[in-house]
Amino acid sequence: MSQSDNFLGGFLLGTLVGGVVGGVVGVVVASRLGGEETRGDRLAKLKAARSKEARQKLKAPTEQSIEAARRGLETKIAQLNDAIDDVRQQLNTVNGNAKPSSDEESLTSD
């Protein structure tokens with residue numbers, strides 16, 4: 001019984017001392033890392049950055065940006081169509097069908 005009391009007392013004392021030492025070390029490290037900037041300053045900077053992002057998102061697209069986006073999308077669609085045609089050709093070759101499919105025939109006959 002005596003050993004369990006000693007263990008419990010030592011455990012509680014170690015917990016208390018560890019908490020105090022950890023708290024002191026945490027305060028010292030935080031004060032050195034924090035520098036001159038206060039929490040309010042950091043919050044103000046964060047709010048300013050968020051409002052700037054929100055304003056940029058709300059800007060109306062210009063005619064040039066719409067045209068650039070359209071051209072980019074057309075390029076991507078052309079690339080996808082080429083990739084689809086390549087895969088279709090590879091599958092036809094693997095299946096032993098070297099002739100174009102009915103979709104391709106209708107496209108080439110136009």
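Throughout, numbering of the chain's residues begins at 1 and tracks the sequence.
The 12-atom threshold is not exceeded at CZ of Arg50, counting heavy atoms of other residues, nucleotides or ligands nearer than 6.0 Å.
Distance check, rounded to the nearest 0.5 Å: CG of Asp86 to CG of Leu91 gives 11.0 Å. Considering CZ of Phe7 and CG of Leu12, their distance stands at 9.5 Å, rounded to 0.5 Å. Between Ile84 atom CD1 and Ile77 atom CD1 the span is 10.5 Å, to the nearest 0.5 Å. The structure places CD of Gln79 at 6.5 Å from OG1 of Thr75, a figure rounded to the nearest 0.5 Å.
The shortest distance between side-chain heavy atoms of Thr93 and Gln90 does not fall below 4.5 Å.
Using a 4.0 Å cut-off between charged side-chain N and carboxylate O, Glu74 and Arg71 make no salt bridge.
Hydrophobic clustering, with ILVMFWY side chains joined whenever heavy atoms are under 4.5 angstrom apart, groups Leu13 together with Val21.
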